[in-house]
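The block underneath contains the structure these notes are about, expressed in structure tokens.
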Amino acid sequence: MRSGVTADQLSVGSNQEAWWTCDINPAHPSFPRIVNTFTGGKKGTGTKTCPECRLVGTSVQELLLKAELATVLRIDQDRKQVPGADGRNAAVDIVAVDEHGRPSLVLEFDGVWWHEGKKDKDAAKAARLRAAGLTVVRIREAHLGPLDPTFDLVIGFQAAAEDAAADVLDHLVGLGLVERAAADRYREDSFAGPQNRALATQWIRDRLGEAALRVERNLHKERWARMHAALVNYEAAEGHCHPSDQQVTVGGVDLARWVRKQRTLVASDGLDPERARRLSAIPSWSTASAHDASFRRQCDRYRAAVLNTDGAMEAREATVWANNMRTTRKRMVDQGEDLPSWKFEAVASIPGWSWDPFEEGFLAKVVILQNFAAETRRSVGSINQREEWSGHRIGVWVNSFRNRQATYDAERRAALEALPGWAWTPQEDTWNATLAELSDWAAEHDRMPRAHAADATERRLGVWKRNNKSKRQGRTDDDQAVRLRALLAEYNEHMP
Ligand SMILES: [Zn+2]
């Protein structure tokens, strides 16, 4: 039954029976909308691809992948069958042969459209081929799980052929079928695009017909739109266009990898102008970014060094990187600039990071100041600017700690405030010192000094006490008021 209603006329969630017309070739029979589960946007905004075109699409993906793999593997281009254990031939997708031309490895491409629900049949066929001594690797498109956890791998949904091929080669390295160096070289070479495009195009034209090239372009267009939409969402949430590896995947396709590829294409003028325009419309999109991407990677490796996890920079490299980062920022700040905020945050969020190399020894210095106070019985606040102790320039340290107050986190502030007599400002020091003097004088005379005394010292302390009493009366939230009140109370003097 056809209602004659096209999907565009329907709202989301409509119960109305809907049939779609194939966008790729409108002459194809129309088809029920339910089939478009994987590509449809919220309102079925994805290209409406009929079952016939999808079958072609799967073959197109397979041929693109096969051409890419042929740059590394010895692939028998024309072989479509191998003998199974029962002597019968089995039709297969991709056959790699050994140096004598004998089939050794069978790669089956399982596109999600045609292999969902064919699990048992696919598994039985693989078992029959394995029994005949062949290595069988099923390349399963995302949404399909691996049938055999050792031999099978899952690639992204409608992944770019070169990305899929790089993943397949990595997987074959794990199975001992491909050299690590060969897989790495392929990944590097294919970063910005496929390596065997011309051959793939010829195969598609020869075997599937000219119209199949249109299907191929459409696959590419859909993937691009899907990843672009994901980047727009990511940027809106995170404020930058630098997802980390595997942070966001769309149908198994890594957004970070896709973004790097777009940057590389932009840098080499290889991106379609309309696409370049759509990217540059994203607020924080930056094209000066081959460098940015490398910065991200370095930053991640430095972080790994700090956390002692995989992929870490070697210690000397890490020190050099951190020093360069600090020097660069200092130079910028001196010129009234700063790092872009995403860069600043990427670095500042590294555990234990400090922008000031002087701060590297922060805790060591705090410990020395603790020792100073314990051994000399002096307050840290009484240290003068030029003072040295045990060969340490403690006066310079105290001064520099104070100047950096605004940049310290709660932990660092607490460490300094725990030092005997610590004060953030020199004025506070003077106050502390005078209170100590008052306390000593009172202890010696067993009373408080008077503001009108004949003795100059007593008069000075008496005036100071009177002024502070009136200035701080009624204050309970003020540390100085609390301390002065407590001292006065020892001599039965009341401070309101
Ligand atoms: Zn069609």
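Numbering of ligands and ligand atoms starts at 1, following listing order. Note that this is a predicted model, so its numbers are computed, not measured. Only heavy atoms go into these numbers, but all of them, side chains included; no hydrogens, no water, no symmetry mates.
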Residue set satisfying salt bridge (charged side-chain N to carboxylate O under 4.0 Å, His left out) with Glu210, at least two apart, ordered chain then number -> Arg205

**Within 45° cone and under 6.0 Å: Arg404 NZ/CZ vs Trp355 ring** = no

ring-ring contact (aromatic ring centres under 6.0 Å, His included) pairs touching residues 189-228, sequence neighbours excluded, are Trp224-His228, Trp224-Trp258

- Task: Walk me through it: do Tyr234 and His240 pass the test ring-ring contact (aromatic ring centres under 6.0 Å, His included)?
- Result: CA-CA 8 Å; Tyr234 178 86; His240 62 80; 5.5 Å; yes

Is Arg197 atom CZ crowded by more than 12 heavy atoms from other residues, nucleotides or ligands, each under 6.0 Å away? no

At a cut-off of 2.8 Å, protein N/O/S around the Zn ion (ligand 1) gives Cys22 SG, His28 ND1, Cys50 SG, Cys53 SG

Across all chains, not counting sequence neighbours, the side-chain contact (heavy atoms from CB on, under 4.5 Å) partners of Ala212 are Val56, Val60, Ile204, Leu208

